[in-house]
Amino acid sequence: MQKPSLSRTDAFLASLFLALALQSQQPPVAETPQALLGKAIGQLTSLFEPPAGAPVRSVSGTLRVLEAEGLGKGLAGRTASFALQAPEHFRLGAEIEGRALEIGRDGQQLWVLAPRKQFGVIGSADVPRYVTRPNEPDGTRLPPIKLPVSREQVLALPFLLQAEFLAPEAVEGVACKVVRAKPQPQAMELLKLPKVELTAWIRENDALPARLKVDDGGGKRLTVELTGLNLAGPLPAETWKLSAPAEAKIETVALSQISRLLPAAWSLVNQQTPTLGPATGARKVLAREGAGWLEDQDGTRVLYLKGTPTEMGRQHGVLLRRQVRDLVDKIVYGVGVGSSFEKGRWFFGEIQEAQRRLMPFMDPRYLEEMDAIADAAGLEREEVRLANFFPELFHCSGFAVAGPATVDGRLYHGRILDYLKGVGLEPNAVVIVHQPSYGHAWVNVSYAGFVGSVTAMNEKRISIGEMGGRGEGNWDGKPMAQLVREVMEKADSLEEAVEIMRRGPRTCEYYYVIADGNSRQAVGIAATPTRFEVVKPGETHPQLPHAIPGAVLMSAGNRYEKLAERVKTQHGKLNAESARGLMELPVAMNSNIHSVLFAPETLDLWVANADSQNVASHTRYTHYNLGDLLKRQPEPAVSAVIPAALPQR
């Protein structure tokens, strides 16, 4: 019989724990850097897993971010007060973009308070999650606050490190020993530890950390300072409860709606969207589902959907499962829930009221498609439906130039989407080719999980872009994004597109540019539920004072003035390249997340999406042609299995 043998990793860990056990039995010697780190780690570890018979302990203090290189804008300089008492209590107070916010846990309750808005919410498992299911309590159970690995593994950490003492320093007047450490090469190889360098300033009087610095050697560096750090016994019960003045508005809401806020918000802080390299024309089919498939074109996602609403929804949810789930988390639970504390109104209450009023006007086919996406992506149907109402808030600019304004009279339609850059849309950008069984085929410049549209062109050479205005709350009509999709699937001409928009019924206040490549004509539309105005090329409007032959310009303020100036300067000389230049800053806002130029006459479009460093109009444009996209077929050999890593753009 063959004797069992230890792997290299098992042998390494066994020797490590043996050394740890023997070290605890050795007579005291001069303190080593590893021993000092172990002492500090042991202090903090005991908060989560106290030794048998030891009383519950708490920790409180203030954390200040001194440096956050490569980790998201706006982190450096932020401070937060905190208190923790595992396994069921914590409290955190911070200012986020000038707004004070307090978050706490008291047993199985989570709460959030915006003191300046005098608004707060308490999460309860007994409250229904959705108004559409009033008899179903939320039922969420919060897990205990604990270490992600065992106490023994944490205590062994210093012995996996190469460490050295640096010159002692004082932090906030307290004498500290300074230790610099990095993983041993063998530990990095066997345990797959990251190659990072840790510097710790450890207080001499109680072995608690006063400052920590982590450097990955690749441009990411975080330094935090801990002031007023205090280990103590249990804190009074009142410490963990929401405390607000009597006049504050406090609502009890579903616990899961709050519990998902923190991880969603943290994912936004760490969000990175890489800059695209030069276009090469490369195309690769990544995966198939039914008659649909997902393709990588020059580092961008192109999703092909074909069939009935249910079939297209399933294709969408299967092929973009990870992206749909990520977008719902960030948009609904990160941005949506987070916006409650700026407005002083609970997001889920508002969005579900909007849904209630919009539902009578919704096309059942679009709801069917949303539900199929949710089922395939493993999400609640209500979550995907609520996420689809977000485009109702978009604000942007647009233009169309043709005839005397362009070279050879060609029609170009530019669309600038300015909306909440950095909230989770850019990493989930996708160009969707819709081939429904019931209407025109069309291309949608969109984001994972959305079935409506704000930027699109159909096979009949009709293109459209939307710009949001005011009137939030006027929800009794068809959702704007559904109305845009209706134009794409039904309109054969500019006149038909305008009539669909005129009939509505419409919501809120929106502006549109619609272009027709067949007639080389375009119009601007200003619409509310009760008002509908059409602006033709060369015409003025009280809000659009510049009459430029062959041009329709829709924007506002200084952006409109700059756009008009650029068109006048290049009048008669505009082509596809210079028309894209019209969309650069400051016509685009700093929130510009995508910019698109349509040439409806030839079904060409150029699409740019924002990345972590640049607004969309200053990134690479990728060229597509709707005619070519509709002719594409996936290779028969491509598997229906989705690759683990899909492109980020």
Side-chain angles (χ1 to χ4, degrees), residues 273-307 311-312 314-324 326-327 376 415 425-436 440-450 453 455-459 461 463 488 517 576-577 580 593-611 614 616 619-649:
T273 305
T275 299
L276 291 172
T280 64
R283 286 178 169 180
K284 180 182 180 182
V285 175
L286 299 172
R288 296 173 60 185
E289 172 60 27
W293 71 95
L294 178 64
E295 185 174 275
D296 179 347
Q297 179 172 333
D298 268 326
T300 69
R301 295 189 196 91
V302 182
L303 177 67
Y304 295 80
L305 305 178
K306 185 182 292 187
E311 289 169 342
M312 291 192 297
R314 174 166 177 78
Q315 294 158 18
H316 193 153
V318 169
L319 294 169
L320 289 182
R321 176 186 172 92
R322 179 172 63 83
Q323 288 79 13
V324 172
D326 181 68
L327 186 136
R415 189 278 192 274
L425 292 168
E426 306 96 297
N428 298 302
V430 59
V431 170
I432 306 176
V433 182
H434 293 263
Q435 299 179 72
H440 300 324
W442 57 292
V443 62
N444 186 9
V445 181
S446 188
Y447 301 92
F450 287 128
S453 181
T455 308
M457 179 173 64
N458 71 13
E459 62 181 332
R461 296 179 170 80
S463 59
M488 290 293 94
E577 183 177 357
R580 294 195 296 272
I593 58 172
H594 81 224
S595 295
V596 180
L597 183 72
F598 295 109
E601 195 174 343
T602 55
L603 296 179
D604 288 300
L605 65 155
W606 294 262
V607 179
N609 286 291
D611 57 38
N614 307 286
T619 63
R620 190 199 81 192
Y621 281 86
T622 303
H623 174 250
Y624 311 90
N625 180 276
L626 178 56
D628 291 344
L629 294 174
L630 293 175
K631 294 175 185 176
R632 289 276 292 167
Q633 292 295 327
E635 296 88 340
V638 173
S639 169
V641 178
I642 302 170
L646 294 176
Q648 292 300 304
R649 299 290 302 275

Taking all non-hydrogen atoms of both residues into account, name the closest pair between [X] and [Y] and its distance.
X: Gln315; Y: Ala291; answer: NE2-N, 3.7 Å
X: Ala448; Y: Val324; answer: CB-N, 3.8 Å
X: Leu319; Y: Gly292; answer: CD1-C, 3.9 Å
X: Ser463; Y: Pro600; answer: OG-CG, 3.4 Å

Tell me, do Glu426 and Asn609 make a side-chain contact under 4.5 Å, heavy atoms counted?
no

Residues two or more places apart in sequence or in another chain: which of them pass salt bridge (charged side-chain N to carboxylate O under 4.0 Å, His left out) with Arg580?
none

Counterpart residues, salt bridge (charged side-chain N to carboxylate O under 4.0 Å, His left out), relative to Glu601 (two or more places apart)
Arg410, Arg520

Output yes when a side-chain donor or acceptor of [X] lies under 3.5 Å from a complementary backbone atom of [Y], and no otherwise.
X: Arg301; Y: Ala429; answer: yes
X: Asp298; Y: Thr280; answer: yes
X: His316; Y: Gly449; answer: yes
X: Asn625; Y: Thr602; answer: yes
X: Gln297; Y: His623; answer: yes
X: Asn458; Y: Trp442; answer: no

Is the closest side-chain donor-acceptor distance between Asn614 and Thr619 under 3.5 Å?
no

Sequence neighbours excluded, the answer for side chain to side chain contact (heavy atoms under 4.5 Å, CB included) partners of Thr455 is Arg415, Val445, His594, Val596, Phe598

